Amino acid sequence: MSLDSALLLEAAHFAAEKHKRQRRKDPEATPYINHPIGVARILSHEAGIADIEVLQAALLHDTVEDTDTSIIELEAVFGQTVARIVQEVTDDKTLPKQERKRQQVEHAPHCSQQAKLVKLADKLYNLRDLSRSTPVGWTEERVHEYFVWAAQVVRGLRGTNQILENKLQQLFKQRGVEM
């Protein structure tokens with residue numbers, strides 16, 4: 001087994017353990033781990049990203065935000081670069097939801113190239129998921145508002161990866177949302 005494969009499997013295992021009791025908000029209550037694996041897969045299979053630290057960060061991107069994981073723990077296990085990328089894409093859950101969303105829009109243009117890749121793939125995954133299945137309790141208006149907000153975030157990530165940006169542009173166009 002290559003070192004890269006071992007590093008990816010370690011990140012996948014860590015994320016699976018951390019997210020093991022979590023479910024997505026879709027009607028099927030999909031296991032949450034499908035999301036970070038899907039984000040990493042978008043990066044590798046669709047965008048052609050081979051940077052192992054970016055792929056590890058994609059697998060781990062919600063561990064600090066949604067579990068008891070700390071940046072210090074990630075740095076100890078996965079190194080400084082992976083921890084930094086995850087920190088860049090992590091919302092501060094102590095802030096109100098609207099403030100977190102505002103900060104994502106404001107912060108997006110200032111992220112590292114690596115964090116921008118994870119953000120693009122995360123938004124692409126979430127928007128595809130919303131197009132496929134409306135989360136329990138969400139109205140069409142709330143779905144539309146999410147698309148509008150996501151477009152604002154993606155605007156700040158322009159120039160990062162044309163493949164991902166084109167795929168996002170197609171989703172926004174289908175929803176009548178300007179990127």
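As the structure is a prediction and not an experimental result, all values here were calculated from the model. Both backbone and side-chain heavy atoms feed into the values below; hydrogens, waters and symmetry mates do not.
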Query - ring pair (Phe, Tyr, Trp, His ring centres under 6.0 Å) involving Tyr32 - partner list, sequence neighbours excluded - result: His19, His35
Query raised in the report: Ala115 and Ile85: which non-hydrogen atoms are nearest, and at how many Å?
Result: CA-CG2, 3.9 Å
Query raised in the report: For the side-chain contact (heavy atoms from CB on, under 4.5 Å) test, which of Val136, Ile33, Asp129 pairs with Arg24?
Result: Asp129
Requested in this report: Not counting sequence neighbours, which residues clear side-chain hydrogen bond (donor to acceptor under 3.5 Å, both in side chains) with Lys93? List them please.
Outcome: Asp66
Query raised in the report: Below 4.5 Å, heavy atoms only, C-beta onward: do Pro36 and Tyr125 meet side chain to side chain?
Result: no
Query raised in the report: Shortest non-hydrogen contact from Leu43 to Ala121?
Result: CG-CB, 3.6 Å
Query - Summary of side-chain hydrogen bond (donor to acceptor under 3.5 Å, both in side chains) pairs that have at least one residue in residues 150-163, sequence neighbours excluded - result: Gln162-Asn166
**Report entry** Rounded distance [0.5 Å steps], CG in Leu127 versus CZ in Phe147
**Finding:** 4.5 Å
Report task. Could you note down all residue pairs passing salt bridge (Lys or Arg N to Asp or Glu O under 4.0 Å) where residues 109-128 supplies at least one of them, sequence neighbours left out? Result -> Glu46-Arg128
Query raised in the report: Any salt bridge (Lys or Arg N to Asp or Glu O under 4.0 Å) pairs touching residues 98-115, not counting sequence neighbours?
Result: Glu99-Arg102, Arg102-Glu106
Requested in this report: Mind checking the NZ-CG spacing from Lys97 to Asp91? Nearest 0.5 Å is all I need.
Outcome: 11.0 Å
Query raised in the report: Taking only residues two or more places apart in sequence, or in another chain, which ones meet Asp26 in a salt bridge (Lys or Arg N to Asp or Glu O under 4.0 Å)?
Result: Arg132
Query raised in the report: Hey, any chance Leu120 and Ile163 share a hydrophobic cluster, counting ILVMFWY side chains that come within less than 4.5 Å of each other, even indirectly?
Result: no
**Report entry** Side-chain donor-acceptor pair present, Arg23, Thr30, cut-off under 3.5 Å
**Finding:** no
Query raised in the report: Got a donor-acceptor contact below 3.5 angstrom from the His144 side chain to the Glu141 backbone?
Result: no
Query raised in the report: How would you list, by chain and number, every residue that makes a salt bridge (Lys or Arg N to Asp or Glu O under 4.0 Å) with Lys20, sequence neighbours excluded?
Result: Glu17
Query raised in the report: Tell me, which pairs form a ring pair (Phe, Tyr, Trp, His ring centres under 6.0 Å) where one or both residues lie in residues 85-109, sequence neighbours left out?
Result: none
Query raised in the report: Linking Ile, Leu, Val, Met, Phe, Trp and Tyr through side-chain heavy atoms less than 4.5 Å apart, which residues share a cluster with Val82?
Result: Phe14, Leu60, Val64, Ile71, Leu74, Val77, Phe78, Val86
Query raised in the report: Is Leu130 reachable from Val148 through a run of hydrophobic residues whose side-chain heavy atoms are each under 4.5 Å from the next?
Result: yes
Query raised in the report: How long is the gap from CG on Leu164 to CG on Leu117, to the nearest 0.5 Å?
Result: 7.0 Å
Report summary line: Interatomic distance, CD@Gln87 vs OG@Ser112, rounded to 0.5 Å, equals 11.0 Å
Would you be so kind as to tabulate the donor-acceptor pairs closer than 3.5 Å made by side chains of residues 170-179, with sequence neighbours excluded?
residue: Arg175; atom: NH1; partner: Glu140; partner atom: OE1; Å: 3.4

Query raised in the report: How many angstroms lie between NZ in Lys25 and OG in Ser133, if you round to the nearest 0.5 Å?
Result: 13.0 Å
**Report entry** side-chain hydrogen bond (donor to acceptor under 3.5 Å, both in side chains) partners of residues 70-82, not counting sequence neighbours, each pair once
**Finding:** Lys18-Glu73
Query raised in the report: In terms of side-chain heavy atoms, does Gln103 have a donor or acceptor partner in Asp92 at a distance below 3.5 Å?
Result: no
Query raised in the report: What is the distance from atom NE2 of His13 to atom CG of Leu8, rounded to the nearest 0.5 Å?
Result: 14.5 Å
Just distance, no hydrogens or angles: give the donor-acceptor pairs under 3.5 Å from side chains in residues 49-56, sequence neighbours left out.
residue: Asp51; atom: OD1; partner: Glu53; partner atom: N; Å: 2.9
residue: Asp51; atom: OD1; partner: Val54; partner atom: N; Å: 3.2
residue: Asp51; atom: OD2; partner: Gln114; partner atom: NE2; Å: 3.3
residue: Gln56; atom: NE2; partner: Leu7; partner atom: O; Å: 3.4

